[in-house]
Amino acid sequence: MRIVSFAITFLLATFLCLAWTADGQAVESVRVDPKTKAVDLTPMIERYRSDGDEIRISTAPGRDGIVRRIAVKAREAGTRPDWIVFALTNDTDEQVDRLLVAPHFRLTGSGVIWPDLGSSRIAAITASQGIRPDREDSADADIFLITLDPGTTVTFVAELRSTELPQLHLWDADAYKERVNGLTLYKGIIIGIAGLLALFLTIIFVVKGALIFPAAAALAWAVLAYACIDFGFFQRVFPIAETTEQIYRAGAEAVLAATLLVFLFAYLNLNRWHVRYSHVTAFWLVFLGALIGLAIIDPPVASGVARISIAAVAAIGFVLVIHLATHGYDRAVMLVPTWLLLIAWVVAASFTVMGQLPSDLVPPALVGGLVLIVMLIGFTVMQHAFAGGAFGQGFVNDTERRALALEGAGDVVFDWDVASDKIFVSPEVEHHLGLKRGSLEGPASAWLDLIHPFDKDRYMACLDAVIEQRRGRLCQDFRLRSASGTHHWFRLKARPVIGSDGEVLRIVGTLADVTDSKTAEERLLYDAVHDNLTRLPNRQLFYDRLEAALTFASQDDSLRPTVLVIDVDKLKNINEAVGYAAGDSILLTLSRRLGRLLKPQDTLARIAGDEFAMILLSEREPDRIIAFADMVRRTVTTAVTYAEREIFLTASIGIALHDPQIAARREEVLRNAQIAMAHAKRHGGDRIEVFRPTMRSDRSDRFTMQTDLGRALDRNEMKVLFKPIVRLEDRTIAGFESMLRWDHPRLGRMGPEDFLSIAEETGLIVNLSFFLLEQTARELAAWQNALEVDPPIFASVNMSSHLLLRHDLLQDVKAVITRTGVLPGSLKIEMTESLIMENPEYSAQMLTRLRDLGAGLSLDDFGTGYSALSYLLRFPFDTIKVDESFVRQMAGGKPVILRSIVKMAHELGMEIVAEGAETESEAIELYQLGCEYAQGPVFGEPMSMLQARQLVGAAPEAA
C-alpha cells in the first residue's frame, strides 16, 4: 500500500508541476563571478508578451533542484507590458552586489529605417527571493542595485517601458563608476574641442564674411549640438522629457545633414559654374528643413531620412570632389583628404547603426571622428583663405590695390624716363612678341624699328605733343612686329609726370594687347559693307564706289564708268523646286564666275537676293561694253552642277552707259540700269537692254509708281490686314501677323511684293514700316484691353533691312510701346534669317536692345537662308517661324528637318510658329511634332481690323 501511495503522490506532483509551468518555463541561470567586472546579459534574457497585467514565471531551480512559480503584476492595472526574465546564481560564500544597467540610447544597432532613438527601458524589477532591487538615479540608463545572497539562485522579472531593449549589462559598481568617469572625461574633451572649433570659425566668419566661412561655422555648431545631445550633456543642463529628447536627437541629425550639404555647396562654389546644382541644393535644403519639422511629429522617420541624407551627401560630394579635382579645381583638390575621411566615417557609422560593430566604444569614437572631420574642414578653409589672401583684402593699401587691379586687367606697365630717354615695359610684352629680354628697353627711337610703318608718325607725334604741352592724357593704338613677322595691336594709355620745374620727367601708363578687339572691329566693318553669302560688296559699298567713280569721271574725260545690273531669271522657282541650299550654291558659283571676268579697277557687288551689279571702268567704247555684257550673259547661262544634276540659268542684264553731259547721281545711275534690266525681264529675259530715257515713260514699270507710293499714306490708301495665328493645343486665337496692302486707285489692291522693293529703293520703306508698326500696336492694345487672357494675345510685324540698319528704330519702337501700352513681349518684331545674317554682329546688338525695350523677337523663314547655327545662340529670339516649304514636306511623310527644328528651338527656349498649314490633318501633325502655333489657309486668310476684332471677341469700338 505504501508503494501505491508513493506512486500516486509522485504522479500528482508531476501533474502539478506541469500545470505550474504552463504559463512559463524555468529560465537558465547565469553564474555571477565576483572577479568578473561586467557580464552582458542581453543574449541570456527571455522576452515575454503578456495577455494581461500579470505574468507567471517558473523560477530557475535552486540548490535543491526545485522549480517554483511566481506571479508578477504590472505597475498599472489593465496594461499589457512586455517582460524580460533572467536568473542569476551566486555559488560563493559571500554576498555579491551588482549594478544592472540598461542604457536609454544606444547608437549600435539602432537601425536606419525607423531607428530606435532611446527611452527609459525598465519600469520595475521583481526578484524571486532575497533583497528587492533598488533603482539608482541616472539620466542615461536604467540602473538597479542587485544583491545576491551566498549560495542562492534568484530569478528576476522586469517590466519594460518600451518594446526595445538594446543592451542589458551586469556591472561591478566600481568598474562601472570607472567606465562612466572615463567616458565623461572623454566626452568633455570632445565637447570642449567642438565648442572651441565652432567659436573659432564663427569669429572667422565675423571677420571675413565670405560664404565659405559661415557654412563651415554652421557645420561646426551642428556637430557640437549633435555631440552634446548624444553624450547627454544637453539633457543634464536642460532636463527634458524622453519624447522631447527623441525630437532633439532627430532634429540634430537633420541639421547635421543640412549643414554638411551647405558646406559642400559653398566650398566648391557650385552656384558660380553650375546653375542646376543651385536648384538641386535649394530643393534638398527645403526638404531637410521640412524634415526638421517632421522630427516634431515623428522623430524616428525624420532621423532615418536624415541618416540616409548624410550618406547621400557624402557619396555625391565624393563624386563631385573627385570630378572637380581631376579637372584642376584647387578647392576640390584641397578637400580630397577630408572627404575621404568623411566617407570612412559614414561607412563606420553605417556598420554601427546596423549592429555590425557592437563595441560600446564605437559610438563615442564616431562622435570624436566627426569632430576631427570638422577640424580638418576648418584647417582646409583656413588654408584656402590664407592661400588666396582672403584676410588681406581688408588691409590692402591704395598702391597695392592699384597694382592688383593692373595685374587683374592684364595690362603691363609702360614707363618712359624722358630725361635719360629710357623706356621700361614689363617683360610680358617681350615674351608675348617672342623678343629677347630687353629688346623694348632703351630710347624711344628704338621702338621705331618694331612699329608698323603706318603707325610710326602717329606714335612720334603723340609723344612729342605730350612733352611739348606738358599736360594731357595719351591714348594711342599702334602695331608692334613680333619675332615671327606678324603684327600685334597694342593700346598705350599714359600721362606725363611733371617735375617742380614744370618739365616732363616721365610718361607712365599701361600697355595692353588689343589685337582681338581690333580684329573684331575690322570684321564688323567688313561685314557691314559686304554680303554675308558671297562676300562681295553690298549695296552700300557699291554706292560708295560708284560715287567715287562718278567723281573721278567728272574730272577725267577718259573715265566712263558703266553700270550693269544682272538679275538671275526665275531663281525663286529653282529655290522652290530644288531647295534654298541649291539657290545659295548657285549664287556663290555665279559670284566666282563673274568675278573672274573683271579687271582690278572694276567692281562686282550683290545688291539684292538675285541681283548683281557691276561698275565697269576697264571698257569705254559702247560696242565693247555690249560685248562684255554678252560675255556675262553667256557665263550665267553655263550650266551649274548641284547634287549630280545640271541647272541651267538665264539672266536679264540692264546697262546704264556714262553720259559726260549729264551729272547723274549714283542712285539715278543704278536706277537707270535697273529700269533697263526690268525692261529686259518683261520681254522674256535672257537678253541685254541699254537704258534709254523713253523707258521711263512706261507706266507699267515698277519704278514709275514711286510718286503714287509717296502719296499713298496721305491718301489713306495703305491698309493693314491681320493673318490669324492659332494655338494648336486648344485652337484658340493666339495672335496675328500684320501685313500691308496698297489699294491703288488704278491698279487695285497690291501686295507687298509689288511695291516693297520700290519703297526700299526710294526710302519710303521707313515711313511704311513705322505706319505698320504703329497701327499694329494700337490694334493690339485694343485687343488686350478688351480681353483678359493669359498668355496675352500678340501681334507680329515684319521689318525690312532698311529699318533694322537705322539707329532710329530703337527710338521708334520705344515710342510706340510707350504710347500704346502693349504688354511686354506681345508686340513681336519679325526679321528674316537672311536679313540678320547680312551683318550678324550688328544684328545681335540691335536685337538685344529691342528685347530690352519690351519687344518680342521672331525669326522668320527659318532654315531658308544661308546662316550659321552658332550665331543663333547669340540672337535673343523668343519665337521661330518655320517656312511653309518644311510644312509641305510632311505630305511626303518625311518631316525630318521640321522635327529637328522644333527640337532645337525647344532646347533653346523658343516657341514655334508653322506657316502655310492648309488642311486639318497638317494642323494635327504639326501639334504632334511639338509646334505651339500655326497659321495658314486652314485657319483663315488675312482680314481687316474689324474682322480681327470680331474673331477675337473684342468690341468694334474698343480701339
Side-chain angles (χ1 to χ4, degrees), residues 520 524 527-528 532 540 720 722-723 725 734-740 752 756 759-760 763 765-781 783-784 791-862 865 867-882 905 908-913 915 932-933:
L524 284 174
D527 289 343
N532 186 61
Q540 301 300 323
V720 179
F722 296 91
K723 190 173 185 179
I725 300 175
F736 291 88
E737 178 185 359
S738 63
M739 51 193 64
L740 277 178
L756 280 186
E760 289 181 352
I765 187 64
V766 176
N767 294 335
L768 292 178
S769 298
F770 185 75
F771 170 78
L772 178 62
L773 180 67
E774 187 168 28
Q775 293 297 319
T776 303
R778 286 182 179 177
E779 192 64 18
L780 177 61
W783 298 334
Q784 293 176 350
I793 195 168
F794 63 85
S796 300
V797 184
N798 202 290
M799 289 287 132
S800 70
S801 59
H802 286 69
L803 201 62
L804 178 64
L805 295 175
R806 289 178 63 247
H807 291 286
D808 294 340
L809 173 63
L810 297 174
Q811 189 63 31
D812 291 343
V813 173
K814 180 179 180 181
V816 168
I817 292 177
T818 304
R819 187 163 51 248
T820 59
V822 296
L823 297 177
S826 61
L827 181 61
K828 296 182 180 293
I829 308 298
E830 280 190 13
M831 298 179 185
T832 62
E833 187 179 24
S834 57
L835 166 61
I836 62 173
M837 291 309 298
E838 287 181 2
N839 193 340
E841 297 291 343
Y842 180 75
S843 298
Q845 299 177 16
M846 290 293 292
L847 292 174
T848 301
R849 298 179 67 179
L850 284 172
R851 181 197 59 188
D852 296 340
L853 291 177
L857 296 174
S858 178
L859 180 59
D860 196 12
D861 295 337
F862 179 76
S867 67
L869 291 178
S870 59
Y871 275 101
L872 190 58
L873 296 173
R874 301 182 53 189
F875 297 143
F877 288 105
D878 51 60
T879 305
I880 287 181
K881 296 191 73 174
V882 180
L908 295 177
M910 302 179 187
E911 295 179 326
I912 290 289
V913 178
E915 296 182 296
E932 289 83 4
Y933 309 102

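FYI, side chains are in, hydrogens and waters are out, and symmetry mates aren't considered; it's all heavy atoms of this structure.
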Kindly say whether [Y] contributes a backbone atom to a donor-acceptor pair with the side chain of [X] at under 3.5 angstrom?
X: T820; Y: V816; value: yes
X: S769; Y: V766; value: no
X: S858; Y: F877; value: no
X: E932; Y: E911; value: no

S738 side chain to Q775 side chain, donor-acceptor N/O pair below 3.5 angstrom: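 No - no donor-acceptor pair under 3.5 Å links their side chains.
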Close side-chain approach of I725 and F794, heavy atoms under 4.5 Å: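 I725 vs F794: side chains touch.
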Any V720 side-chain heavy atom under 4.5 Å of M739 side chain: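 V720 does not reach M739 side chain to side chain.
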Pair K881 + E737, salt bridge at N-O below 4.0 Å: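 The answer is yes: the pair qualifies as a salt bridge.
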salt_bridge(D878, R851) N-O dist < 4.0 Å: no
Nearest 0.5 angstrom please: [X] [atom1] to [Y] [atom2], how far?
X: L847; Y: M831; atom1: CG; atom2: CE; result: 5.5 Å
X: L768; Y: L773; atom1: CG; atom2: CG; result: 12.5 Å
X: F771; Y: T776; atom1: CZ; atom2: OG1; result: 9.0 Å
X: L823; Y: L780; atom1: CG; atom2: CG; result: 7.5 Å
X: N767; Y: L772; atom1: CG; atom2: CG; result: 12.5 Å
X: K828; Y: L859; atom1: NZ; atom2: CG; result: 12.5 Å

Would you name the heavy atoms of [X] and [Y] that are closest together and state the gap between them?
X: L740; Y: P752; value: O-CD, 3.5 Å
X: I817; Y: L827; value: CG1-CD2, 4.2 Å
X: I793; Y: S826; value: O-CB, 3.7 Å
X: A905; Y: I880; value: CB-CD1, 4.0 Å
X: I829; Y: A855; value: CG1-CB, 4.1 Å

Summary of salt bridge (Lys or Arg N to Asp or Glu O under 4.0 Å) pairs that have at least one residue in residues 765-776, sequence neighbours excluded: E774-R778, E774-R819
Parallel, tilted or perpendicular, as decided by the 30° and 60° cut-offs, for the rings of W783 and F736: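 Tilted, since the angle between the ring planes falls between 30° and 60°.
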Step-by-step side chain to side chain contact (heavy atoms under 4.5 Å, CB included) determination, V822 to Q784: CA-CA 7 Å; V822 296; Q784 293 176 350; 4.0 Å; yes
Residue pair D860, E915: steps toward the side chain to side chain contact (heavy atoms under 4.5 Å, CB included) verdict: CA-CA 10 Å; D860 196 12; E915 296 182 296; 3.6 Å; yes
Step-by-step side chain to side chain contact (heavy atoms under 4.5 Å, CB included) determination, Y933 to T879: CA-CA 10 Å; Y933 309 102; T879 305; 5.6 Å; no
